[in-house]
J.: 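Before I ask anything, here is the structure I am working with.
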Amino acid sequence: SKLMKSLPFRLVLGVAIGIIAGLIANESFMNLVVTLNYIFGQIISFCVPLIVIGFIAPSITKLGKNASRLLGVALILAYTSSLGAALFSMAAGYTLIPHMSIQSAVDGLRSLPEVVFKLDIPPIMGVMSALVFSVMIGLAATWTKAVTVTKLLDEFQKIVLEIVQKIVIPILPVYIAFTFCSLAYEGTITKQAPIFISPFFSPQNTQTFFLLRIPPLLILEASVLSPLLNAIGLSSFTHISLMALSRTPSAGGPIPEPS
């Protein structure tokens with residue numbers, strides 16, 4: 001059905017299935033889970049630099065003569081937003097957390113089994129190296145009007161898009177499910193999460209909870225959404241580039257947005 005093809009629905013379903021499985025799993029089952037989770041994590045980490053290069057570099061070549069100016073504005077906005085989110089998160093933590101009665105440790109957490117089989121797949125370069133490489137190649141191709149390199153980047157973009165659609169997106173819900181299965185098995189979700197949430201609803205923290213609700217969207221973005229994006233290897237700048245590129249016409253017509 002159309003709902004089952006929706007990536008957000010599959011991610012939420014993966015979270016639910018992972019939590020349920022983690023609560024009833026035994027050690028033998030978790031040996032398989034942590035092993036597959038490690039391998040899938042390696043595959044996703046390997047694909048991240050390719051995604052950065054494949055989406056950002058061709059997008060820069062499509063900016064034309066104004067590439068330098070537009071890219072400079074985009075980078076300033078992206079890193080200003082990231083710095084602002086980090087500072088706001090730090091300020092919120094120093095301001096609110098000391099006034100909450102949150103326990104620093106929880107007893108009774110289980111340890112995950114060791115990975116049975118390690119398949120190391122190191123990425124070809126780091127994410128920041130891929131970002132800088134993409135910017136330099138894209139700008140240089142625009143400045144020199146390198147038609148061959150531009151076509152090569154367009155072809156590489158299509159290849160990376162197929163990798164994302166055929167490999168990354170299918171295994172991402174499974175990876176999320178295995179991750180939450182591990183958290184549920186350890187007891188992080190059933191024992192640590194209630195301890196973290198309970199201070200927001202205790203009578204002594206009513207005033208603090210009210211202050212927390214004043215800028216809920218900003219706190220959500222700074223403290224929750226950014227770490228989640230980083231957890232799957234996508235920064236806000238990369239995510240914005242992916243969305244922009246999916247609406248950018250290429251030589252072969254519009255690029256379909258991943259479902």
J.: Using the side chain to side chain contact (heavy atoms under 4.5 Å, CB included) criterion, which residues pair with L77? Sequence neighbours excluded.
T.: V73
J.: Please name all residues satisfying salt bridge (charged side-chain N to carboxylate O under 4.0 Å, His left out) with K166, sequence neighbours left out, ordered by chain then number.
T.: E162
J.: Please check if L183 and V174 belong to a single hydrophobic cluster, counting links between Ile, Leu, Val, Met, Phe, Trp and Tyr side chain heavy atoms closer than 4.5 Å.
T.: yes
J.: Check the hydrophobic clustering (I, L, V, M, F, W, Y; side-chain heavy atoms under 4.5 Å; chains of links allowed) and say if F46 and F55 are grouped together.
T.: yes
J.: The criterion is side chain to side chain contact (heavy atoms under 4.5 Å, CB included); which residues satisfy it with F9, sequence neighbours excluded?
T.: L3, M4, S6, L13
J.: How close do P173 and L7 get, counting heavy atoms only, and between which atoms?
T.: CG-CD1, 4.2 Å
J.: Who else is in the cluster with L87 when I, L, V, M, F, W and Y are joined by side-chain contacts under 4.5 Å?
T.: L83, M90, Y94
J.: What are the two closest heavy atoms between F29 and C181, and how far apart are they?
T.: CE2-SG, 4.2 Å
J.: Using a side-chain heavy atom cutoff under 4.5 Å and only I, L, V, M, F, W and Y, what cluster partners does I20 have?
T.: none
J.: Under 3.5 Å, sequence neighbours excluded: what are the donor-acceptor pairs made by side chains of residues 121-144?
T.:
from	atom 1	to	atom 2	distance (Å)
S134	OG	A130	O	2.7
T142	OG1	G138	O	2.8
W143	NE1	S68	OG	3.1
T144	OG1	A140	O	2.7

J.: Output yes when a side-chain donor or acceptor of S89 lies under 3.5 Å from a complementary backbone atom of A85, and no otherwise.
T.: no
J.: Below 3.5 Å, can you tabulate the donor-acceptor pairs from side chains in residues 30-41 to any protein atom, sequence neighbours excluded?
T.:
from	atom 1	to	atom 2	distance (Å)
N31	ND2	E27	O	3.4
T35	OG1	N31	O	2.7
T35	OG1	V116	N	3.1
N37	OD1	T179	OG1	3.4
Y38	OH	D120	OD1	2.2

J.: Considering non-hydrogen atoms only, spot the tightest contact between G18 and A184 and give its length.
T.: O-CB, 4.4 Å
J.: State, to 0.1 Å, how close I53 and P58 come at their nearest heavy-atom pair, and which atoms those are.
T.: O-CD, 3.4 Å
